[in-house]
Amino acid sequence: MAIRIDYLAKETGNNLVRNPTLTAATVLTVSVSLALLGTALLISEGVSNLETHFKGDVEFIVWMDPSATDENVEVVRNFLDDSEAVRSQEWIDKEATFEQFQEFFADRPEILDLVDPDQLPPSFAVVPEFPDLALIRAIGADIEAFPGVSGVDYEEEFIKQLNTLSSRLSRIMIIAALLSAVASALLMYNTIRTGLFARRREIEVMRLVGATKWFIRIPFMLEGLLQGVIGAIFAAIAVFGLNKAIASSLAEMRDFQLFQNFALPNGEVLEVVVIIGVAGAVLGFVMAGVAVTKYLDA
Amino acid sequence: MIKLENVTKTYPQQVQHALVHASVDINKGEFVFLVGPSGSGKSTFLRLLNKQEEPDEGQIYVAGKDIGQMSSWKVPMLRRNIGAIFQDFKLLPTKTVAENVAFALEVIGRPRSVIRAQVPAICDLVGLADKMSKYPDQLSGGEQQRVSIARAFVNRPLILLADEPTGNLDPQTSIGIMRLLDRINKTGTTVVMASHDRGIVDTMRRRVIELADGQIIRDEARGVYE
């Protein structure tokens, strides 16, 4: 049976504004829980971005000049191989570096166009024998003196701590997001139930004159869906804003010259926003469905 | 049109039956009164016919279909063929007369052109053409019952169920309502009406089915209340 679009729009709209305080409370709770979820996802994605380079046990990276000669490279390689303090090293040539670049800038092709693989710096990813910061520093300083070496990046203690801290933080946020998601689910359920109660006379008449089950249900389920989506929109705005703030504070961090632009690219934020949106819509639709099933089909 | 075969209904947590082994046959176009004291099973009888209640035993046929075998998604279609009016009218206070009537068509997905044509016609039929934009609380009891009749009849049902439709009305107003129901009956609509109103039943002289403690104790054509 056809349901007229204008009827649906009118009924769903009426339901939403019928009890503005309850609707506002629901939408706000939903947006808080989705914003928490989004932030947790942002952090874990950001951390995994950082770790893409410092993955495994790599403690520091020796960057070579793009123009360094094979001889320069050989000297550094020999030094690393001979050093008692170095457990292993891996040579990352220009092609491999370019592949990393392509991965990082996958959603910003305009930047990829500007990059000539030949101008990218090759590097050694080095795993030291001992996690002794002073020793690593000393080796780094020695290597920096070699010709053809442009610099050394360390995964210093604070980065590790940042990693641990942020993964803990995102775990806590996911728990908080889950708890507030439960709260918003219950609120949604109650909002729909209140709406059903407010409209019980209309629903009684609708049943008497032969409206179908879905004709009665759909406006309420759409109401739940809309509450979820509106909450998700607020959450998305918050997540975008937060990402901007993180990006600008990252830009001030000297040690992450390579990361500052793509720690949290827009594409990844968009992914997070899509997850938030789907979560909000599903949450609203399902809770409204539960409420109408419980109170209409009984 | 309506056939009950050995129908028994008991409500949960009640020892006494609401309806016991009731068998009735009502033809198309008949006007039937259900009489009997409160709690004798009149309302249950009516509620079974449009599947607001399910019988514990027995078969109920409406328009040739065994409604006990009917799948739940077909129940709305059954109800579109059965209008219902009540003692308390069940009008929506936030809607005007015209909107209350239009609501019945709207929620079964009738196109707007049909609604625009049907609503004024039915309001005219029940004598409320000049009150279409009034709200229920601006109308008298009799006028409100006319609105509910218009709503029940706008979809041209085969059957009209009336549960004490004059229970809240004074005798003079009740006569007007009965004239209207009579007119609807004359269009071929089967009317089943539960009533306490001795005066009305005795004046109309139609078929009377008397219930007591859920049992049919009398069924006579052109009967009186007694």
Side-chain angles (χ1 to χ4, degrees), chain A residues 1-23 191-226 288-298, chain B residues 46-47 49-53 62 70-86 88-95 99-115 118 122 136 147-163:
Chain A
M1 188 199 65
I3 294 182
R4 294 191 341 230
I5 303 286
D6 58 339
Y7 171 85
L8 270 186
K10 190 182 78 184
E11 286 305 303
T12 310
N14 280 347
N15 285 353
L16 275 176
V17 298
R18 185 180 308 268
N19 197 337
T21 50
L22 194 53
T23 303
T191 310
I192 302 300
R193 201 182 62 160
T194 309
L196 288 166
F197 186 73
R199 301 197 52 202
R200 66 194 180 285
R201 289 162 145 275
E202 268 147 295
I203 291 168
E204 187 190 3
V205 172
M206 285 166 109
R207 283 178 156 166
L208 268 175
V209 300
T212 57
K213 178 173 141 185
W214 285 100
F215 192 94
I216 300 172
R217 277 172 159 235
I218 284 176
F220 291 101
M221 302 200 48
L222 279 185
E223 183 192 350
L225 184 82
L226 264 183
V290 171
V292 294
T293 304
K294 172 130 193 245
Y295 290 93
L296 284 184
D297 296 349
Chain B
L46 295 177
R47 291 172 66 82
L49 295 182
N50 60 359
K51 264 179 109 72
Q52 291 192 78
E53 302 289 350
V62 173
M70 190 175 267
S71 48
S72 65
W73 66 271
K74 278 184 176 164
V75 172
M77 307 307 145
L78 171 75
R79 291 185 183 160
R80 286 174 198 193
N81 279 319
I82 304 177
I85 60 173
F86 304 89
D88 61 355
F89 320 132
K90 298 196 193 295
L91 298 178
L92 303 174
T94 56
K95 293 185 188 287
E99 286 165 353
N100 263 287
V101 176
F103 188 69
L105 293 173
E106 230 169 42
V107 301
I108 58 171
R110 287 295 144 91
R112 215 178 313 194
S113 56
V114 170
I115 296 173
Q118 292 283 331
I122 200 82
V147 178
S148 97
I149 292 170
R151 182 177 65 192
F153 194 59
V154 69
N155 197 32
R156 308 286 157 164
L158 301 169
I159 298 165
L160 186 67
L161 305 178
D163 195 352

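Here is how names work: the chains are called A, B, and so on, in the same order as the sequence lines, proteins then strands, and each is numbered from 1. Predicted model only: the values in this text are computed from it and were never measured.
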Once rounded to the nearest 0.5 Å, what's the spacing between atom CE of A/Met206 and atom CZ of B/Arg79?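 So the gap between those two atoms works out to 13.0 Å.
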In Å, rounded to the nearest 0.5 Å, how long is the span from CZ of A/Arg201 to CG of B/Asp88?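 Here the rounded value is 8.0 Å.
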Check whether [X] gets within reach of chain A through its side chain, its backbone, both or neither, counting any heavy atom under 4.5 Å.
X: B/Leu78; answer: neither
X: B/Ala104; answer: both
X: B/Gln52; answer: side chain
X: B/Arg110; answer: backbone
X: B/Ile82; answer: backbone

If we only count heavy atoms from C-beta on, is the B/Leu92 to A/Arg199 side-chain gap below 4.5 Å?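 A side-chain contact is absent here, since even the closest heavy-atom pair is not under 4.5 Å.
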Evaluate side-chain contact (heavy atoms from CB on, under 4.5 Å) for A/Leu208 paired with B/Asn50, printing each intermediate quantity in order. CA-CA 8 Å; A/Leu208 268 175; B/Asn50 60 359; 3.8 Å; yes
What part of A/Glu11 lies closer than 4.5 angstrom to a heavy atom of chain B: side chain, backbone, both or neither?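 Neither the backbone nor the side chain of A/Glu11 comes within 4.5 Å of chain B.
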Contact summary for B/Arg80 and A/Val209, nearest pair of heavy atoms: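 Heavy-atom minimum between the residues: CG-O, 3.6 Å.
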Nearest heavy atoms of B/Ile108 and A/Ala211, plus distance in Å: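 Closest pair (atom of B/Ile108, atom of A/Ala211, distance): CG2-N, 3.9 Å.
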